[in-house]
Amino acid sequence: MNSEKHDNLISVHIDGEEVRVPPGTNMIEAARSIGTEIPHYCYHPKLSVVGNCRMCLVEMGMPGRDRETGEPMLDEKGQPKILWMPKPAVACATGAAPGMHIRTDSALVRSCREGVMEFLLVNHPLDCPICDQAGECHLQEFATDYGRGYSRFVEEKNVKPKRTRLGPRVMLDDERCILCSRCIRFCKEIADDDVLGFIDRGSYSTLTCFPGKELANNYSLNTVDICPVGALTSTDFRFRMRPWFLKQSPSICIESSVGVNTVVWSREGTIYRITPRRNDAVNDTWMSDSGRTLYKGVDSGDRMNVYTLEGRPADAGAVLEECVALLRGGSVAVVGSGRSSVEEQWMLKRTVEALGDEIPVYLVGRTEPGDGLLISNDRNPNVRGALLTGLMDTLPAATLDDLGARIEAGEIDTILSFGEDLCAAGLARGQLKKVRVIYAGTHHNDCSQRSRVEIPLLTVFERSGSFVNQQFRLQRFSRAIPGPEGVYSDLAFLALLHARLTGLRPMRPEPAEIWKHLSREIAALRGIEYDRISDTGVVIDGSKFAHLPFCEGKSLHYEPTAATAVS
Amino acid sequence: MDPGQLIIFLLKAVAVVLAVMTLAGYTVLAERKVAGWIQGRTGPNRTALPILGAIPVVGTFLRRLGVFQPLADVGKFLFKEEPFPGHVNKLYYLLAPALAFIPAMTTVTVLPFGQHDGAPLVLANLDIGILFILAVSSLGVYGIILGGWASNSKYPFLGGVRSSAQMISYELALGLSILPVFLWTGGTLNLHAVVQEQTHVWFLFVQPLSALIFLVALFAETNRMPFDMPEAETELVAGYNTEYGAFGFGLFFLAEYTHIIIGSGVFTVLFLGGWNLWLPFPEGIFGAVLSVLVFLAKVLCLVFFFIWVRWTLPRFRYDQIMNLGWRILLPLALANLIFYAIAIAVIDRVL
Amino acid sequence: MATKVVERKPLNLAERSYLPQIVGGLKITFRNMWKPPVTLEYPEQRPNIPDRYRGVPTLVKDPNGREKCVACQLCEFVCPPRAIRIDPGEIPEDSEHAHVEKAPREFKIDMLRCIYCGLCEEVCPEEAIFLQDTFSVNGLSRAELVFNKKKLYQLGGTLPDSHYKWDKKRDAAEKGGDEH
């Protein structure tokens with residue numbers, strides 16, 4: 001917390017502990033700041049407050065003042081006397097006030113929670129064995145804390161539709177819904193696609209789509225994430241795996257330069273789902289549906305997983321030798337990728353330097369209109385990394401026309417493409433025939449078919465490193481699953497290639513090791529240690545590149561500077 | 001010696017060897033059966049020969065009795081792959097089982113097992129019969145020590161060392177315990193003479209203490225429970241034969257049981273009156289067969305006693321064995337010898 | 001508790017010679033020899049399996065033929081040697097049992113790993129997995145001893161059900177699903 005705000009902090013007492021919070025903070029957040037959890041269902045920090053679940057009831061009191069004198073009232077011990085309100089207050093909708101006292105665990109509060117739990121469970125089905133939320137379900141958690149363990153409800157439970165399709169990616173089980181309205185508020189407030197609402201009354205209340213509409217926007221799966229129970233489920237993840245088996249690895253979405261923070265959930269080398277990771281400066285708690293499907297490329301049939309020479313599988317060492325021979329045997333052009341990590345781009349730059357001075361280096365730009373929320377216009381996650389490491393000094397063009405012209409002019413003998421499909425980047429087949437192509441990539445494509453050497457690379461889920469997003473925020477991603485057997489990581493292959501070209505010992509292909517060089521060599525990265533980069537990233541001074549016409553427009557937590565804004 | 005005599009002699013020798021080996025095989029079966037009965041089990045009851053086993057009642061009975069089991073065991077020992085550990089001393093490793101087996105079989109030659117018209121039935125009626133038996137049977141320990149040493153592995157080595165210590169310790173008591181018997185018979189070492197001496201009274205009753213010491217020492221010499229230090233499977237895996245399998249193990253096994261049979265035979269001859277049954281045997285071949293049968297019955301009873309003791313008593317500790325051998329049995333045997341020497345001198349003087 | 005020192009009498013000569021004890025032991029074993037054997041001749045005679053015997057874990061169906069397992073994976077989670085592997089799947093909507101929604105697509109128990117602890121049976125919320133009376137498991141390959149769903153149902157058969165939880169739920173839906 002910085003100092004100028006410090007004066008504004010107000011002091012509240014939570015369970016006898018004094019805590020200083022900014023004004024306007026509600027009780028749940030105030031309690032959270034000292035590690036006290038106030039149970040809640042409908043409240044979500046990034047959505048408006050409705051206060052309809054009543055789970056977060058707490059006792060509240062203010063120090064009393066004598067009405068006539070205005071003097072503070074004191075108890076027998078000389079302490080300020082607290083006048084407790086006779087009825088509990090909802091913690092989500094009550095802001096903290098100076099001197100306020102809150103009890104989060106008194107007998108009254110507990111009995112409130114027990115009462116709310118009993119009502120919520122009246123019609124809740126005994127679905128836990130088949131419910132995907134089991135294991136990460138707030139209702140389950142609070143039922144173990146405040147449930148009574150048996151039901152006093154002898155009447156028949158309500159029966160509601162179990163398989164309602166709300167949209168192409170979201171299924172609704174109405175019986176499980178506790179009517180918290182988080183999903184409704186999300187669609188209205190964040191996704192700006194107001195399609196959900198409640199119909200009917202009392203225990204027949206049902207969540208539904210407005211007539212003729214469906215929940216089909218590109219952020220619909222966030223409703224599944226924020227659903228506190230198992231009512232909304234993802235058709236992709238539905239019935240596939242229990243969350244308690246899944247390993248969570250922090251990662252960064254490579255969909256665009258927003259750099260959405262994610263968690264990759266995997267088990268034994270298989271990724272089952274990707275969910276957003278909270279970063280209040282980047283993506284809050286949201287991510288796009290399209291970004292969640294990127295893991296499917298990992299096991300797709302066209303995945304490259306062996307080194308090949310002239311189309312035949314070969315030993316990695318032989319491939320390395322062939323690469324060295326090709327790169328030494330003529331004029332070379334190098335195509336890097338905006339999808340490589342900062343470390344890989346720096347290693348590629350070192351490799352280029354080892355080849356000679358006048359080696360042309362290209363990057364492929366991916367400019368597509370974004371949605372102004374969490375998908376930016378630049379679909380490369382790490383163009384700024386290429387600028388920072390010095391691999392590039394200009395913004396990449398969308399196509400490799402310049403390289404094509406050089407090929408036509410006969411200036412290029414060999415192209416090393418590290419992660420980019422040259423055909424998709426605008427080089428014609430005829431042009432590729434004139435040169436020898438070393439293609440490093442994750443999947444087979446036109447370019448790999450026309451290449452002399454194929455080097456399999458790892459997907460973002462299989463390696464560790466860092467990206468620099470549109471805010472010049474350096475963010476780490478870590479390996480979730482192992483790569484294909486016998487395949488070097490991108491960084492390791494580059495380190496070996498660099499070592500072969502220079503005759504030096506290969507660098508240890510760990511991001512932390514590379515960062516020892518990066519923080520020494522690059523002014524903007526000075527003082528950064530890889531292992532100390534916080535989970536929400538660190539902002540780098542990008543003013544050196546302020547003159548460049550970045551293509552990103554406005555998006556969540558990002559405002560393009562006037563100089564760089566391009567309409 | 002003319003060739004005809006030689007052939008008859010060889011035939012006799014082969015017959016005796018075959019008989020002893022068969023007996024040893026069935027002693028193994030008896031061991032397993034008796035162990036089963038004592039422990040509330042049935043013992044071997046599965047093996048059957050194709051035709052014999054199919055006879056309605058008799059076949060089933062024989063199968064339940066496990067009569068065919070030794071045949072299967074022999075077949076297994078013969079045809080199993082011979083494992084040959086890489087770390088052994090090959091020559092001595094192969095030599096050891098033979099060295100254990102040969103002395104055991106050799107002792108048979110001087111053991112009288114019946115009479116024919118007053119002459120003993122024996123392969124070689126040596127005047128120094130008992131000395132020969134003691135000398136040759138104690139060679140068997142070399143097989144065990146050699147096996148343990150050649151195996152070049154810790155448990156066999158320990159087994160070998162233990163057995164050498166044990167055998168040497170008990171050999172003294174063994175030898176001393178039977179001296180009174182030969183004092184009594186008037187100085188001859190011929191076993192037939194000893195048997196003849198017992199026509200009326202067995203030495204068991206004349207010299208019970210000698211018999212007891214001899215029996216205990218015999219248990220120790222044959223490595224039987226409670227003296228099975230060389231094997232001691234709970235401590236040494238399988239002792240001296242840990243590294244042996246198939247035929248090598250088979251020979252060790254056979255040698256052990258042959259020792260038991262020979263030991264029982266010697267005990268029978270020395271203390272149980274040999275084939276004597278307080279009655280004169282008829283003349284001719286019938287009397288001969290009868291005497292052999294009586295001798296065999298006594299031996300088998302003793303073999304059963306060996307087995308019975310094995311499944312009754314727990315194993316001694318090593319120090320207890322040494323204690324018993326050196327500090328109890330040896331003085332006792334000496335005292336026994338002196339007592340009988342004086343007693344015999346007195347009796348001779350008086351009579 | 002106060003310690004009571006028991007006086008240990010010195011052994012007399014007969015006791016020190018061990019002989020009376022040895023004779024006593026021989027008597028006991030001799031008597032034992034005449035008692036009938038207590039063993040079971042296994043392949044012909046089969047042991048009586050007690051009711052609560054923990055044999056091979058099996059999957060069972062309810063009397064209506066519905067597979068009771070709903071692939072909640074709790075047994076997979078609780079299994080100490082990690083012998084269970086479940087591939088959950090959805091019951092298609094046109095199925096007779098569509099109201100249960102979830103069922104295992106594949107259910108494998110590696111019998112080479114299973115330790116017969118019975119935790120899977122204990123944890124199962126659907127009473128779908130039982131350690132029944134099969135005790136003899138054998139095979140010629142490792143793969144053969146990884147029991148798949150088909151084999152597990154074959155071993156498990158049908159057991160009586162005291163709840164019919166899902167059927168009651170379907171009946172309630174048919175009776176009053178849209179009543180308001």
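A, B, ... follow the sequence lines: proteins, then strands. Residue 1 opens every chain. Nothing here was measured: the structure is a model prediction, and the numbers come from that model.
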Novice: Search all heavy atoms of F239(A) against all heavy atoms of K102(C) and return the closest pair with its distance.
Specialist: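 Taking every non-hydrogen atom into account, CD2-CD, 3.3 Å.
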Novice: At a heavy-atom separation under 4.5 Å, does E126(C) approach chain A through its side chain, its backbone, both, or neither?
Specialist: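 Looking at E126(C), just its side chain touches chain A.
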Novice: Above 12 or not: heavy atoms from other molecules or residues under 6.0 Å from CZ of F77(C)?
Specialist: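 Counting neighbours around CZ of F77(C), 12 or fewer heavy atoms of other residues, nucleotides or ligands fall under 6.0 Å, so no.
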Novice: Are the side chains of W244(A) and L74(C) in contact, using a 4.5 Å heavy-atom criterion?
Specialist: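 SC-SC contact between L74(C) and W244(A) confirmed.
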Novice: Is it the side chain or the backbone of R163(A) that comes within 4.5 Å of chain C heavy atoms, both, or neither?
Specialist: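 Side chain only.
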Novice: Take atom CZ in F119(A); do more than 12 heavy atoms of anything else shown fall under 6.0 Å from it?
Specialist: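 Open: at most 12 neighbouring heavy atoms sit under 6.0 Å from CZ of F119(A).
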Novice: Heavy atoms only: give me the nearest K169(C)-D127(A) pair and the separation to one decimal.
Specialist: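 Minimum heavy-atom separation between K169(C) and D127(A): NZ-OD1, 3.4 Å.
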Novice: Measuring from M241(A):CE to I86(C):CD1, what's the distance to the nearest 0.5 Å?
Specialist: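 Rounded to the nearest 0.5 Å, the CE-CD1 separation comes out at 9.0 Å.
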Novice: Can K162(A) and E93(C) be counted as an ion pair, charged N to O under 4.0 angstrom?
Specialist: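 Result for this pair is no, no salt bridge flagged.
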Novice: Check each atom of P88(C) against the heavy atoms of chain A and say whether the ones under 4.5 Å are side chain, backbone, both or neither.
Specialist: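 Contact with chain A involves both backbone and side-chain atoms of P88(C).
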Novice: Work out which heavy atom in D173(A) is nearest to a heavy atom in E101(C); give both atom names and the distance.
Specialist: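 For D173(A) versus E101(C), the nearest heavy atoms are OD2-OE2, 3.9 Å.
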Novice: Go through the atoms of D174(A) and report whether side chain, backbone, both or neither lie under 4.5 Å from a heavy atom of chain C.
Specialist: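 Neither part, no heavy atoms under 4.5 Å.
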Novice: Should we say atom NZ of K108(C) is surrounded by more than 12 heavy atoms from elsewhere, each under 6.0 Å from it?
Specialist: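 Check fails, neighbour count at 12 or below.
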Novice: Determine whether more than 12 heavy atoms belonging to other residues, nucleotides or ligands lie under 6.0 Å from atom NZ of K188(A).
Specialist: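 Check fails, neighbour count at 12 or below.
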Novice: Can you tell whether the side chains of R267(A) and E76(C) come within less than 4.0 Å, N to carboxylate O?
Specialist: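 E76(C) and R267(A): salt-bridged.
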Novice: Between E90(C) and R240(A), does a side-chain contact (heavy atoms from CB on, under 4.5 Å) hold up when you go through it step by step?
Specialist: CA-CA 9 Å; E90(C) 188 168 5; R240(A) 277 192 65 210; over 6 Å; no
Novice: Kindly check if the number of other-residue, nucleotide or ligand heavy atoms within 6.0 Å of CG (L140(C)) is above 12?
Specialist: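 Open.
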Novice: Tell me, side chain or backbone of A98(C) under 4.5 Å from chain A's heavy atoms, or both, or neither?
Specialist: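 Both parts, backbone and side chain.
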Novice: Checking heavy atoms, do the side chain of R242(A), its backbone, both or neither come under 4.5 Å from chain C?
Specialist: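 Both backbone and side chain.
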Novice: Determine the minimum heavy-atom distance between P129(A) and V70(C), stating which atoms define it.
Specialist: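 For P129(A) and V70(C), the tightest heavy-atom pair comes out as CB-CG2, 3.6 Å.
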Novice: So, K168(C) and E156(A), do they make that salt bridge, N to O below 4.0 Å?
Specialist: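 Result for this pair is no, no salt bridge flagged.
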Novice: For atom CG of N48(C), is the number of surrounding heavy atoms from other residues, nucleotides or ligands below 6.0 Å larger than 12?
Specialist: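 No.
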Novice: Is the number of heavy atoms from other residues, nucleotides or ligands under 6.0 Å of E122(C) CD greater than 12?
Specialist: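 Incorrect, the count does not exceed 12.
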Novice: Take atom CD in E485(A); do more than 12 heavy atoms of anything else shown fall under 6.0 Å from it?
Specialist: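 At most 12 heavy atoms, drawn from other residues, nucleotides or ligands, come within 6.0 Å of this atom.
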